[in-house]
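Heads up: the structure comes next, in structure tokens.
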Amino acid sequence: MEGHFGFQDWWPGETAWEVVVGAILTQNTAWRNVEKAIDQMKQHGLFSPKEILEASPSKLESAVRSSGYYRQKARRLLGVAAHIRQRHRGSLSRMLHQSPAALRRELLTLPGIGPETADDILLYAAGRATFVVDAYTVRALERLGLAQSGGYEGYRRYVLSRFGRSPRRLQEFHALFVVLGKQYCKKEPRCVPCPLLDLCPTGRGSLRRGPIPEGR
DNA sequence: ACCCAGGTGGCCC
DNA sequence: GGGCCACATGGG
């Protein structure tokens with residue numbers, strides 16, 4: 001993928017906190033709408049955990065409105081900020097410095113943080129070895145015939161067991177799946193043939209949707 | 001007027 | 001384990 005799409009050197013936020021905020025706001029939402037929301041938060045002084053905790057909920061809601069599900073997402077951000085204050089004396093880095101397993105478990109107890117958001121934070125905010133399985137990853141692995149549904153954990157293990165555990169590489173790998181997905185692996189019916197198929201180890205499959213053909 | 005976007009939680013079988 | 005629904009805005 002890197003040979004085809006180039007080195008992405010992609011990062012979903014300027015700071016660890018921005019990664020956390022972005023990870024929550026981008027849930028089932030286009031990134032451009034998330035950027036607007038983050039800009040609004042900053043412009044209105046409603047960005048840092050402290051600012052979020054002190055803001056009125058309705059102000060925060062209007063700031064994140066453009067990212068969709070804005071009432072839920074405002075509540076989720078507030079919940080994370082409150083958690084950091086109570087459990088980590090207000091320090092995000094204290095939270096992130098735990099062991100990866102402990103951090104992942106902890107993140108998953110927070111309302112609105114599921115496996116993908118947790119891994120996003122683990123990989124890009126804490127720099128820990130994990131893989132972010134997003135909708136593009138699932139579509140690509142399935143349509144290429146490389147992996148078949150084992151649930152989120154199944155796909156995550158599939159990648160981790162074959163790709164190694166260098167955080168830097170795993171960050172890049174996820175970025176490449178996003179680029180691949182946006183270009184070649186959208187939902188029906190606007191999928192186009194992908195030159196990457198030539199690199200597929202199974203030598204079959206298609207990024208188009210549908211059953212995987214036998215042979216080639 | 002549709003369909004889709006880097007999900008999550010609740011509820012059901 | 002899987003299927004279905006609500007949650008909501010902005011772009012094509």
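To find a chain, count down the sequence lines: A is the first, B the second, and so on, and within it residues start at 1.
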Polar pairs (N or O, both sides) under 3.5 Å between protein and nucleotides 8-11 of chain C?
{"from": "C:dA8", "atom 1": "OP1", "to": "A:R71", "atom 2": "N", "distance (Å)": "3.1"}
{"from": "C:dA8", "atom 1": "OP1", "to": "A:Q72", "atom 2": "N", "distance (Å)": "3.1"}
{"from": "C:dA8", "atom 1": "OP2", "to": "A:R71", "atom 2": "NE", "distance (Å)": "3.1"}
{"from": "C:dA8", "atom 1": "OP2", "to": "A:R71", "atom 2": "NH2", "distance (Å)": "3.0"}
{"from": "C:dA8", "atom 1": "O4'", "to": "A:Y69", "atom 2": "N", "distance (Å)": "2.9"}
{"from": "C:dA8", "atom 1": "N6", "to": "A:Y69", "atom 2": "OH", "distance (Å)": "2.5"}
{"from": "C:dA8", "atom 1": "N1", "to": "A:Y69", "atom 2": "OH", "distance (Å)": "3.3"}
{"from": "C:dG10", "atom 1": "OP1", "to": "A:R65", "atom 2": "NH1", "distance (Å)": "3.2"}
{"from": "C:dG10", "atom 1": "O4'", "to": "A:N33", "atom 2": "OD1", "distance (Å)": "3.3"}
{"from": "C:dG10", "atom 1": "O4'", "to": "A:N33", "atom 2": "ND2", "distance (Å)": "3.3"}
{"from": "C:dG10", "atom 1": "O3'", "to": "A:K36", "atom 2": "NZ", "distance (Å)": "3.2"}
{"from": "C:dG11", "atom 1": "OP1", "to": "A:K36", "atom 2": "NZ", "distance (Å)": "2.6"}

Considering only nitrogen or oxygen atoms on both sides, find all protein atoms under 3.5 Å from nucleotides 9-13 of chain B and state each distance.
{"from": "B:dG9", "atom 1": "OP1", "to": "A:G112", "atom 2": "N", "distance (Å)": "2.8"}

Could I get a table of every N or O pair under 3.5 Å where one atom is in the protein and the other is in nucleotides 3-5 of chain C?
none

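Within the nucleic acid shown, A:T137 has no heavy atom closer than 4.0 Å to any nucleic acid atom.
For the pair A:L141 CG and B:dG6 C1', the computed distance is 14 Å after rounding to whole Å. The nearest whole Å value for the distance from the CD atom in A:E61 to the P atom in C:dC7 is 14 Å. Between the P atom of C:dG12 and the NZ atom of A:K182 lies a distance of 13 Å, rounded to the nearest Å.
Listed by chain and residue number, A:S48 satisfy the side chain to side chain donor-acceptor pair (under 3.5 Å) test with A:E51 (two or more places apart in sequence, or in another chain). Annotation: side chain to side chain donor-acceptor pair (under 3.5 Å) contacts of A:Q148 (sequence neighbours excluded): none. Annotation: salt bridge (Lys or Arg N to Asp or Glu O under 4.0 Å) contacts of A:R169 (sequence neighbours excluded): none. Residues passing the ring pair (Phe, Tyr, Trp, His ring centres under 6.0 Å) test with A:Y70: none are found, sequence neighbours excluded. By the salt bridge (Lys or Arg N to Asp or Glu O under 4.0 Å) test, A:E61 pairs with no residue at all, sequence neighbours left out. Applying the ring pair (Phe, Tyr, Trp, His ring centres under 6.0 Å) rule to A:Y152 yields no partners; only residues at least two apart in sequence or on another chain are considered.
Here salt bridge (Lys or Arg N to Asp or Glu O under 4.0 Å) pairs that include residues 15-39 of chain A, with residues two or more places apart or in two chains, are A:E18-A:K42.
For the segment residues 17-24 of chain A, no residue has any heavy atom less than 4.0 angstrom from an atom of DNA chain C.
Taking the six-membered ring wherever Trp is involved, the centroid distance between the rings of A:F163 and A:F173 falls below 6.0 Å.
Note that the OH atom of A:Y155 and the CG atom of A:L146 stand 11.0 Å from one another [nearest 0.5 Å].
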Output side-chain donor-acceptor pairs under 3.5 Å for residues 108-118 of chain A, partner residues at least two apart or in another chain, one line each.
{"from": "A:T109", "atom 1": "OG1", "to": "A:E106", "atom 2": "O", "distance (Å)": "2.6"}
{"from": "A:T117", "atom 1": "OG1", "to": "A:Q27", "atom 2": "NE2", "distance (Å)": "2.9"}

